[in-house]
Amino acid sequence: MPLLLSETGDGVTLLTLNRPEALNAMSVKLFEELTPELERIASRRDVRAVIITGAGERAFCAGNDLKERRDMNPEQKWAQSRMGWRVNQLLMRMPQPSIAAIGGWCLGGGFELALFCDMRVAAEDAVFGWPEMTLGAYPGAGAGVILPRLIGRARAKDLFFTARRVDAREALQIGLVEWVVPRSELLDRAYAIAEQIKTTSPLGVAAVKQLINVGADLSFDAAGALNDALRRPLEATRDYAEGISAHFEKRRPVFRGE
Ligand code: CO8
């Protein structure tokens with residue numbers, strides 16, 4: 001049985017972490033399935049959005065596989081941490097938006113995976129936290145980089161320093177997630193967001209995603225230069241012409257990503 005389920009239908013890929021018996025903990029094998037799948041998706045024009053979720057009722061992902069980690073030497077642990085970083089970088093840099101659909105436990109490396117998605121929908125039963133800090137470890141796949149950028153330095157420090165658990169209501173309040181819904185509506189909401197994304201232009205979305213993910217950390221002038229560099233080629237695309245034509249012809253545009 002694959003540890004990652006990948007189903008693409010009608011422009012949306014659903015990736016399911018499929019180790020429910022281990023609360024979908026990230027093992028090396030799971031990373032080895034997830035990495036090439038994200039690389040494949042990144043090059044697919046027919047995929048407009050990616051949803052990541054966890055199998056079963058209990059967890060999105062309970063972090064890295066601790067049983068596996070227990071028997072690893074420092075080099076192996078480091079190699080696994082790099083796998084997490086690589087996956088998270090792929091999510092940040094792939095042209096398609098990604099949506100984490102989070103139910104139940106969302107801990108450690110699983111929390112990092114969710115943070116590197118572009119948006120997060122949580123079920124009312126979602127619980128977030130950094131057990132690393134009680135394990136003598138460190139959220140090494142990028143949480144220390146992304147979390148302060150998302151919720152501010154002091155709030156990120158609170159969560160790291162105390163390793164306290166955050167429920168879905170608080171997660172919404174502090175900006176860890178964008179939506180909280182009943183568990184039964186979790187995937188429907190994620191798909192509804194993906195459907196809306198599908199009405200927009202893929203090239204425009206990819207460009208603005210890059211501008212937000214990269215430009216936000218640049219100086220104002222450098223971000224402005226990136227803005228221009230991303231914008232200019234769009235002016236010459238067929239999709240841009242199609243978007244304007246469709247507007248005047250009062251029809252839905254048909255974007256081809258070219
Ligand atoms: N790894 C491996 N197996 C796990 C993990 C995990 N992280 N979490 C749960 N499981 C397994 C349990 O061992 C158990 O399996 P079994 O029945 O065979 O013993 C099964 O899942 C169900 O778990 P529990 O019986 O423990 O369920 P509870 O409801 O009692 O508890 C908890 C749920 C609180 C989530 C509990 O399972 C727990 O504390 N899990 C560990 C959470 C954790 O510490 N995660 C690791 C954080 S560290 C990290 O993610 C990365 C650090 C380094 C960064 C590198 C980045 C790539």
Verify side-chain contact (heavy atoms from CB on, under 4.5 Å) between Phe161 and Met133, making sure each step is shown before the conclusion. CA-CA 7 Å; Phe161 293 176; Met133 308 311 281; 5.5 Å; no
Tell me, with the steps shown, if Trp130 and Leu159 meet side-chain contact (heavy atoms from CB on, under 4.5 Å). CA-CA 7 Å; Trp130 301 114; Leu159 301 191; 3.9 Å; yes
Starting from the C-alpha separation in whole Å, work towards a yes-or-no answer on salt bridge (charged side-chain N to carboxylate O under 4.0 Å, His left out) for Glu37 and Arg40. CA-CA 5 Å; Glu37 187 57 18; Arg40 272 191 290 273; 2.7 Å; yes
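Nearest heavy atoms, Lys77 versus Arg69: O-NH2, 3.2 Å.
In this structure a side-chain-to-backbone donor-acceptor pair under 3.5 Å is present from Lys209 to Met94. Without hydrogens or angle criteria, Arg120 side chain to Leu172 main chain gives no donor-acceptor distance under 3.5 Å. Within the 3.5 Å criterion, the main-chain N or O of Ala223 finds no donor-acceptor partner in the side chain of Asn227. A donor-acceptor pair under 3.5 Å is formed between the side chain of Gln96 and the backbone N or O of Ile41.
Taking the six-membered ring where the residue is Trp, the centroids of Phe60 and Trp105 are separated by 6.0 Å or more.
Looking at heavy atoms from C-beta onward, Val254 lies in side-chain contact with Arg256 at the 4.5 angstrom threshold. Between Glu39 and Leu90, some side-chain heavy-atom pair lies under the 4.5 Å cut-off.
In this structure, Arg82 places its CZ atom where more than 12 heavy-atom neighbours from other residues, nucleotides or ligands lie under 6.0 Å away.
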